[in-house]
Amino acid sequence: MTSSPVLIQDESTRSLVAEEEAMSALTVAAHEPSLRLSYARARLAEIDRMRQVYLASLDGVPQRDIAAAVHLSQASVHRMVVRARASGIERESVEEVVLKRFVGQFSTEQMLERLASMESWVPRVVDPVDGVLPGDSRADLDSLCEDGMISEDEVDQVLDARE
């Protein structure tokens with residue numbers, strides 16, 4: 001019968017592990033702003049690609065040609081077009097406005113004005129291919145706040161302006 005090795009940690013080993021965990025947390029914290037900025041830029045590029053694919057399909061460009069241009073399969077382009085149609089990609093979304101401010105394309109004042117003047121909050125959308133799409137605009141604001149892209153105070157300002 002084989003026995004599992006028993007891990008015996010003395011105080012100095014526990015201290016080293018705690019120190020390594022603390023250093024890891026500091027390293028992550030040091031990189032967090034640039035990681036968030038990178039995420040915001042990538043997400044904006046993804047939204048732009050979806051919009052361009054959708055607009056090309058509306059102009060009658062065959063999905064196989066779009067797929068070749070954006071290096072996706074025809075099936076992926078089809079799913080993207082269906083998702084774009086269901087999400088109303090032709091309109092600027094709450095997420096898009098907030099991310100544009102986060103990357104420096106809008107000032108805070110411009111962001112607040114755009115969010116307050118949006119004609120309607122996006123309702124819950126059920127996509128025929130992918131199921132329920134991300135939530136309504138209030139849920140989007142809350143999620144963006146949790147991710148550190150917009151402050152609670154800014155969310156409150158938008159909601160107050162919309163009342």
Side-chain angles (χ1 to χ4, degrees), residues 14-58 66-67 70-73 75-163:
R14 277 189 230 120
S15 177
L16 281 174
V17 169
E19 191 175 307
E20 286 177 8
E21 288 173 354
M23 289 298 290
S24 177
L26 287 173
T27 303
V28 169
H31 289 281
E32 192 169 358
S34 60
L35 292 170
R36 281 188 182 169
L37 184 59
S38 177
Y39 166 79
R41 288 179 179 147
R43 182 67 184 124
L44 284 170
E46 184 180 317
I47 291 167
D48 183 57
R49 179 171 75 164
M50 182 184 288
R51 181 173 288 127
Q52 296 311 316
V53 164
Y54 180 67
L55 293 174
S57 74
L58 286 181
I66 297 170
V70 295
H71 303 282
L72 292 172
S73 68
S76 292
V77 166
H78 173 75
R79 285 190 299 273
M80 189 178 287
V81 168
V82 170
R83 198 167 42 250
R85 185 180 308 120
S87 68
I89 195 74
E90 61 276 348
R91 295 184 318 267
E92 202 171 46
S93 69
V94 168
E95 177 189 26
E96 190 174 4
V97 171
V98 171
L99 293 177
K100 283 181 176 180
R101 189 287 302 264
F102 192 80
V103 302
Q105 292 179 14
F106 290 162
S107 68
T108 297
E109 292 76 24
Q110 290 171 312
M111 175 194 72
L112 293 172
E113 182 181 304
R114 283 182 181 234
L115 291 173
S117 66
M118 285 185 156
E119 290 183 16
S120 64
W121 286 127
V122 175
R124 184 174 180 183
V125 176
V126 179
D127 181 83
V129 175
D130 295 324
V132 177
L133 295 177
D136 60 53
S137 296
R138 171 64 192 262
D140 289 346
L141 274 177
D142 291 340
S143 176
L144 289 160
C145 184
E146 288 172 16
D147 291 342
M149 304 291 175
I150 186 172
S151 71
E152 288 181 22
D153 183 53
E154 291 166 336
V155 170
D156 290 343
Q157 288 179 54
V158 171
L159 296 176
D160 288 347
R162 294 199 55 80
E163 289 181 353

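What you see below is based on every heavy atom in this structure, not just the backbone, and it leaves out hydrogens, waters and symmetry mates. All of these numbers come straight from a predicted model, not from anything done at the bench. All residue numbers refer to positions in the sequence shown, counting from 1.
A 6.0 Å sphere centred on CD of Glu152 holds no more than 12 heavy atoms belonging to other residues, nucleotides or ligands. Heavy atoms of other residues, nucleotides or ligands lying less than 6.0 angstrom from CD of Glu113 number 12 at most.
By the 4.5 Å heavy-atom criterion applied to side chains, Ser93 and Asp140 are not counted as neighbours. Using a 4.5 Å heavy-atom cutoff, the side chains of Val97 and Gln110 are not in contact. Ser143 places a side-chain heavy atom less than 4.5 Å from the side chain of Asp147.
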Practice problem: List the steps and the verdict of side chain to side chain contact (heavy atoms under 4.5 Å, CB included) for Arg36 and Met149. | Solution: CA-CA 8 Å; Arg36 281 188 182 169; Met149 304 291 175; 4.2 Å; yes
Quiz item: Can you list the steps and then say if Met118 with Arg162 is a side chain to side chain contact (heavy atoms under 4.5 Å, CB included)?
Solution: CA-CA 9 Å; Met118 285 185 156; Arg162 294 199 55 80; 4.0 Å; yes
Practice problem: For side chain to side chain contact (heavy atoms under 4.5 Å, CB included), just list the numbers for Glu95 and Ile47, CA-CA rounded to whole Å, side-chain angles, deciding distance to a tenth of an Å, and then say yes or no. | Solution: CA-CA 10 Å; Glu95 177 189 26; Ile47 291 167; 3.8 Å; yes
Quiz item: Would Ile150 and Met111 satisfy side chain to side chain contact (heavy atoms under 4.5 Å, CB included), going step by step from the backbone distance to the final call?
Solution: CA-CA 10 Å; Ile150 186 172; Met111 175 194 72; 3.9 Å; yes
Practice problem: Please lay out, stage by stage, how Glu46 and Arg49 fare under the test salt bridge (charged side-chain N to carboxylate O under 4.0 Å, His left out). | Solution: CA-CA 5 Å; Glu46 184 180 317; Arg49 179 171 75 164; over 6 Å; no
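Among residue pairs with one or both ends in residues 98-109, those qualifying as salt bridge (charged side-chain N to carboxylate O under 4.0 Å, His left out) are Glu92-Lys100, Glu96-Lys100, Arg101-Glu154; sequence neighbours excluded.
Minimum heavy-atom separation, Cys145 to Val155: CB-CG2, 4.1 Å. Across all non-hydrogen atoms, the minimal contact from Ala56 to Ile66 is CB-CD1, 3.8 Å. Nearest heavy-atom pair, Phe102 versus Ala40, reported as atom, atom and distance to 0.1 Å: CD2-CB, 3.7 Å. Of all heavy-atom pairs between Ala116 and Ala161, the closest is CB-CB, 3.6 Å.
Between the side chains of Ser76 and Arg79, at least one donor N or O sits under 3.5 Å from an acceptor N or O.
For Arg85, there are no salt bridge (charged side-chain N to carboxylate O under 4.0 Å, His left out) partners, not counting sequence neighbours. Under the salt bridge (charged side-chain N to carboxylate O under 4.0 Å, His left out) criterion, Asp48 pairs with no residue, sequence neighbours left out.
To the nearest 0.5 Å, atoms CG (Leu58) and CD1 (Ile89) are separated by 11.5 Å. To the nearest 0.5 Å, the span separating OH on Tyr54 from CZ on Arg83 amounts to 13.5 Å.
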